[in-house]
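Take a look at the structure below.
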Amino acid sequence: MDSQKQTVNFGPGPAKLPRSVLLEIQKELVDYKGLGISVLEMSHRSSDFAKIINNAENLVRELLAVPDNYKVIFLQGGGCGQFSAVPFNLIGLKPGRCADYVVTGVWSAKAAEEAKKFGTVNMVLPKLGSYTRIPDPSTWNLNPEASYVYYCANETVHGVEFDFVPDVKGAVLVCDMSSNFLSRPVDVSKFGVIFAGAQKNVGPAGVTVVIVRDDLLGFALPECPSILEYKVQVASGSLYNTPPCFSIYVVGLVLEWIKNNGGAAAMKKLNTIKSQMIYEIIDNSQGFYVSVGGIRVSLYNAVTVEDVQKLAAFMRNFLEMHQL
């Protein structure tokens, strides 16, 4: 790469990977740890791959202090695949086939539409004219007969993020954490299911991390495809079919990087610093920069403070050049 010109990646995903991880991948690409083959060629049934996927699982458990009564699996299909998998597996928990959906943006709206194929969806919030806020929980219309309550922790399209875990009065809570997974600590014990596409904070596209409480296994609808059934995937150790081996390998490397850089708490601290730098410019721009409908800047874990400083400098210069 030309030392005079470097590309800084603020893309929404697939997002930036830590440079040290990319260099490690490069080093091991042709010959993984002296085996003479690449991970790209490795059998998913081999003992060598078993070490890779077990390492990734153990790191998820360590970094999020996942309780022993939760299973961690690595699936294909992305977050959108989980829009179907969640109702397939959970909407039958109660006889009414009903689920609560807290719709605060594009992704939870898509999930709710998908869930309607499998049962009744109760829209917890009134239809919002625009996705710019999270209504106070005291106004939510939760159905006590719902099998689960679903929400998206961070709606990236409109920039609406939960800064709290909803109190659902003991109901099964399901959360799409695709865009802020491991960007901060989270109390896994408050959830029935957490899922996250890896391509934001913890790896490349192609693999989805699912954390599911073990007492929720075994309730899938009869028509649920085996590949989407959590119980089947747990029983097979995520190997019911050939998994996205290389993506899981990279996730393991990124998780090691997160661990070596202080874990989820350190990621939160750095992400707060990065976001404050940009919001300060936006808030002080006297309306020149607007938060919704403009240019999206994704400050995922691998984006460095130095990267954001470059963007902040550009934004200040642009503001000075063009503000009336």
Side-chain angles (χ1 to χ4, degrees), residues 10 12-13 15 60 63-66 79 82 100-112 123-142 148-197 200-202 209 211 258 262-284 289-294 296-303 305 308 312:
F10 296 104
V60 171
L63 290 167
L64 288 177
V66 178
Q82 292 306 303
D100 281 341
Y101 275 72
V102 184
V103 175
T104 55
V106 167
W107 298 114
S108 51
K110 286 180 178 288
M123 304 297 276
V124 171
L125 305 178
K127 187 172 179 60
L128 302 176
S130 60
Y131 297 125
T132 57
R133 63 187 180 89
I134 298 169
D136 190 283
S138 64
T139 67
W140 295 10
N141 176 35
L142 294 170
Y148 60 89
V149 181
Y150 179 106
Y151 79 108
C152 177
N154 185 33
E155 291 280 5
T156 54
V157 175
H158 291 87
V160 178
E161 183 175 16
F162 280 77
D163 61 359
F164 63 95
V165 175
D167 179 4
V168 293
K169 314 302 180 187
V172 174
L173 186 61
V174 178
C175 186
D176 175 0
M177 292 189 185
S178 291
S179 57
N180 59 7
F181 186 66
L182 274 170
S183 68
R184 60 187 183 185
V186 63
D187 184 352
V188 174
S189 69
K190 293 183 177 180
F191 299 87
V193 173
I194 293 169
F195 69 85
K200 309 291 188 179
N201 281 310
V202 295
V209 183
I211 304 173
I258 292 174
M267 295 298 108
K268 178 182 179 180
K269 183 177 180 179
L270 287 171
N271 288 328
T272 300
I273 292 170
K274 292 184 292 187
S275 63
Q276 286 177 343
M277 289 169 59
I278 301 303
Y279 276 117
E280 182 180 358
I281 296 170
I282 293 172
D283 293 341
N284 293 330
Y289 290 120
V290 292
S291 296
V292 179
R296 174 173 167 180
V297 178
S298 298
L299 305 178
Y300 296 125
N301 284 349
V303 176
V305 171
V308 182

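Just so you know, residue 1 is the first one in the sequence shown, and it goes up from there.
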| message | Tell me if a side-chain donor or acceptor on Ser179 pairs with a main-chain N or O of Asn154 at a distance below 3.5 Å. | response | yes

| said: Using 30° and 60° as the class boundaries, would you call the ring planes of Tyr101 and Tyr150 parallel, tilted or perpendicular? | reply: parallel

| task | Begin from the C-alpha positions of Val103 and Val124 and carry the test side-chain contact (heavy atoms from CB on, under 4.5 Å) through to its verdict. | result | CA-CA 7 Å; Val103 175; Val124 171; over 6 Å; no

| query | What do the steps show when you test Val165 against Leu173 for side-chain contact (heavy atoms from CB on, under 4.5 Å), and what is the final call? | reply | CA-CA 9 Å; Val165 175; Leu173 186 61; 3.7 Å; yes

| Counting N and O atoms only, with roles assigned by atom type, does the side chain of Lys274 sit under 3.5 Å from a partner on the main chain of Val303, one being a donor and the other an acceptor? | yes

| Just by modelled atom types, is the Ala264 backbone N or O under 3.5 Å from a matching donor or acceptor in the Lys269 side chain? | no

| said: Using a 3.5 Å distance criterion without hydrogens, assess whether the side chain of Ser108 forms a donor-acceptor pair with backbone atoms of Cys152. | reply: no

| request: Determine the minimum heavy-atom distance between Trp140 and Pro135, stating which atoms define it. | output: NE1-O, 3.0 Å

| remark: In terms of heavy-atom contacts, Glu155 and Thr104 come closest through CG-OG1, 3.6 Å

| remark: d(Lys169 NZ, Asp167 CG) to nearest 0.5 Å is 4.0 Å

| note | Residues Phe162 and Arg184: closest non-hydrogen pair is O-NH2, 3.1 Å

| query | Are Val186 and Phe181 close enough, and set up right, to give a side-chain contact (heavy atoms from CB on, under 4.5 Å), and what steps lead you there? | reply | CA-CA 9 Å; Val186 63; Phe181 186 66; over 6 Å; no

| note | Scanning both residues in full, the closest heavy-atom pair of Ala15 with Lys200 reads CB-O, 3.6 Å

| note | Value for CG (Asn201) from CE (Met267), rounded to nearest 0.5 Å, stands at 9.5 Å

| When you measure from the side chain of Trp107 to the backbone N and O of Val157, does any donor-acceptor pair fall under 3.5 Å? | no

| said: I need the Phe164 CZ to Ile134 CD1 distance, nearest 0.5 Å. | reply: 5.5 Å

| message | Please check this pair: side chain of Asn301 against backbone of Leu182, looking for a donor-acceptor N/O pair closer than 3.5 Å. | response | yes

| query | Can you tell me how far the CG atom of Asn141 sits from the CG atom of Leu125, to the nearest 0.5 Å? | reply | 9.0 Å

| query | Is a side-chain N or O of Gln82 found less than 3.5 angstrom from the main chain of Asp176, in a donor-acceptor match? | reply | no

| message | Whether the side chain of Asn271 engages the backbone of Ser183 through a donor-acceptor N/O pair (distance < 3.5 Å, no angle test) should be reported. | response | yes

| task | Considering non-hydrogen atoms only, spot the tightest contact between Tyr300 and Thr156 and give its length. | result | OH-CG2, 4.0 Å

| message | Just by distance, no angles: are the side chains of Glu161 and Asn180 close enough, under 3.5 Å, to form a donor-acceptor pair? | response | yes

| Stepwise side-chain contact (heavy atoms from CB on, under 4.5 Å) check, Val60 with Ile211 | CA-CA 9 Å; Val60 171; Ile211 304 173; 4.1 Å; yes

| field | Least distance between heavy atoms, Gly197 atom then Ser178 atom | value | N-OG, 3.1 Å

| said: To the closest 0.5 Å, what do you measure between NE2 (His158) and OG (Ser291)? | reply: 13.0 Å

| field | Spatial distance of atom CZ (Phe10) from atom OG (Ser298) [nearest 0.5 Å] | value | 9.5 Å

